[in-house]
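Remember, it's 1-based here, ligands and their atoms both numbered in the order they're listed. In this chain, residues are counted from 1 in sequence order. Scope of the values below: all heavy atoms of this structure, side chains included, with no hydrogens, waters or symmetry mates.
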Amino acid sequence: MSFTSLGLSAPLLKAIKEQGYDKPTPIQAQSIPIILKRQDILAGAQTGTGKTAGFTLPMLELLNRAKPSRDKKAHHVKVLILTPTRELASQVEESVRIYGKHLPFKSTVIFGGVKINPQITALRRGVEIVVATPGRLLDHISQKTINLSKVDFLILDEADRMLDMGFVNDIKKVIAVLPKERQTLLFSATYSDEIKKLSQKFLRSPALIEVARRNTSSETVKQAVYPVDKERKRELLTHLINKGKWTQVLVFTRTKHGANRLSGQLEKDSISSVAIHGNKSQNARTKALADFKAGKIRVLVATDIAARGIDIDQLPHVVNYELPNVSEDYVHRIGRTGRAGHEGEAVSLVCVDENEFLENIEKLINKDIPKIWEKGFKPDPSIKAEPINMGGNRGARNKPRGGNGGNRNGGRNSNSSRNSNRSRSR
Ligand code: AMP
């Protein structure tokens, strides 16, 4: 299967070639022909599968095929892409620019936490493609600084994440102002009942596409658990980084405070590191990510929220310094490595307190993760499990949920969780 046989025209094939892609990934091979037939799709695809190009390429192709509007100068918003986070919005818009390099369309990105005026100016100048987070987009809708009455395509990227962050009502409000005649594409790493409901409400006879089996962790990720005492996790992490000569490591902690502390400690161990989380300014987050990508920083310590949607090519190592209490976050975390066919390694440092989380994760991914007992770091069997301090990071999600495989629906849309998460994304 080649990109040429998928029905994409020369300007897109040229951009694909410039990116150095030889052949479409499975999600691209499946989604591109269906989207070109103007059918809705409901796609189960994790980040790292090439899903962004999977919807961006056919969307650009269809835009290009559509007859140019009579008034060529008036750019109408034809495509709306909603994403859960600023980072993902920026990355998706960057992809739109890259793949659309040889086409005349304009795009812009809209998210909160930055001044609204430059966004208004960009919208006024005219764009065909808008990539947005739901909260700030609603601000533009209510201020009438955006006109969505000509939208032909709606793409919901990482829809499960948006629901997870309490955006369901915002999404519904946005969809309410869109034309009913449109093509809708929904991408989600996991299927929950809420996702099903959303798709039944807003998609029309969608084609179902699934590239990785439901809720299974990516095949190209080598996973391992290192049992270790809580007090010795930092020491073990430094040991593994130095021993393996790891150069680009994304480390997950459960709390912002934990991320800051760990990053400081790694620096003391002479391992360059930066923490990113919701309390950092957008500029600080962007800079940290750029430095990490450029290889100036060896370790990026992140909370789940901050790390969402981070796109780093071939990220070789992901470390769960602490296991997530919501099992599906594990799947998302390790989805940051082993991207688009490259093998990655995801290791979890697990202390006795986290055994229940580990059991739930293994139930969800339907396999046991191999354990490695690192020499010199065997846990002290006399240490008993203690309740985990969640650091008040995620109000409604603080309790471990025993035995339910980490069902992600519990209390998710409570107001407190919604507001705190939304303020982070705005
Ligand atoms: P995504 O799942 O959209 O976040 O994409 C993951 C990564 O795969 C991105 O860094 C893309 O640049 C890369 N990628 C997308 N499509 C291809 C392809 N056909 N061949 C190789 N790499 C790709």
Side-chain angles (χ1 to χ4, degrees), residues 1-8 12-33 35-36 41 43-61 79 81-101 107 109 129 131 155-162 185-190 209-213 216-221 248 250 289-290 292-295 300 302 307-318 331-344 346:
M1 168 78 68
S2 70
F3 277 108
T4 347
S5 62
L6 289 176
L8 300 171
L12 289 169
L13 293 174
K14 190 170 173 204
I16 291 167
K17 199 162 168 213
E18 284 163 1
Q19 284 304 296
Y21 303 164
D22 305 327
K23 55 178 185 356
T25 65
I27 183 88
Q28 292 161 5
Q30 289 187 57
S31 65
I32 293 174
I35 297 171
L36 290 180
I41 60 170
Q46 291 170 27
T47 181
T49 52
K51 66 182 166 67
T52 315
F55 61 75
T56 306
L57 292 168
M59 173 274 283
L60 288 167
E61 174 69 30
V79 180
I81 305 174
L82 289 181
T83 75
T85 63
R86 307 158 184 182
E87 281 84 1
L88 187 60
S90 301
Q91 284 162 14
V92 169
E93 205 247 347
E94 200 185 320
S95 297
V96 169
R97 281 173 196 257
I98 290 171
Y99 302 131
K101 205 167 144 192
S107 58
V109 61
I129 302 152
V131 189
I155 299 161
L156 302 167
D157 193 15
E158 302 205 355
D160 51 344
R161 287 280 153 192
M162 288 197 273
L185 317 174
L186 188 152
F187 288 78
S188 176
T190 53
I209 298 177
E210 205 166 4
V211 284
R213 258 184 308 130
T216 52
S217 38
S218 170
E219 303 284 306
T220 53
V221 180
Q248 209 181 26
L250 179 60
L289 193 58
F292 183 59
K293 280 187 178 182
L300 193 65
R308 254 168 226 164
I310 287 182
D311 174 25
I312 302 150
D313 283 357
Q314 305 166 38
L315 183 60
H317 296 102
V318 165
V331 179
H332 282 281
R333 286 180 178 189
I334 72 165
R336 310 289 166 214
T337 178
R339 308 176 72 85
H342 297 278
E343 184 152 299

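Scanning Gln28, Glu94, Gln91, Glu158 for the heavy atom closest to atom 15 (C) of ligand 1 points to Gln28. The option from Phe55, Phe187, Tyr21, Tyr99 that lies nearest to atom 13 (C) of ligand 1, judged by heavy atoms, is Tyr21.
Under the side chain to side chain contact (heavy atoms under 4.5 Å, CB included) criterion, Gln30 pairs with Ile209, Val211, not counting sequence neighbours.
In plain terms, the two heavy atoms of Glu93 and Ser107 that are nearest each other are OE2-OG, 2.8 Å. Looking at every heavy atom in both residues, Ala29 comes nearest to Pro24 through N-CB, 3.9 Å.
For ligand 1, the polar-atom distance check finds no N/O of Phe3 at less than 3.5 Å from any of the ligand's N/O atoms. The shortest N or O to N or O distance between Thr49 and ligand 1 is below 3.5 Å. Backbone and side-chain nitrogen or oxygen atoms of Asp22 are examined, and none is located within less than 3.5 angstrom of a nitrogen or oxygen of ligand 1.
Those atoms of ligand 1 that come under 4.0 Å of a heavy atom in Thr52, given as number and element, are 1 (P), 3 (O), 4 (O).
At a 4.0 Å heavy-atom cut-off, ligand 1 touches Lys23 through the backbone alone.
The backbone N or O of Phe292 sits less than 3.5 Å from a side-chain atom of Gln248, completing a donor-acceptor pair.
Between the CG atom in Leu57 and the CD1 atom in Ile32 there is a gap of 5.0 Å [rounded to 0.5 Å].
Side-chain atoms of Thr49 and Thr25, non-hydrogen and from C-beta on, never get closer than 4.5 Å to each other.
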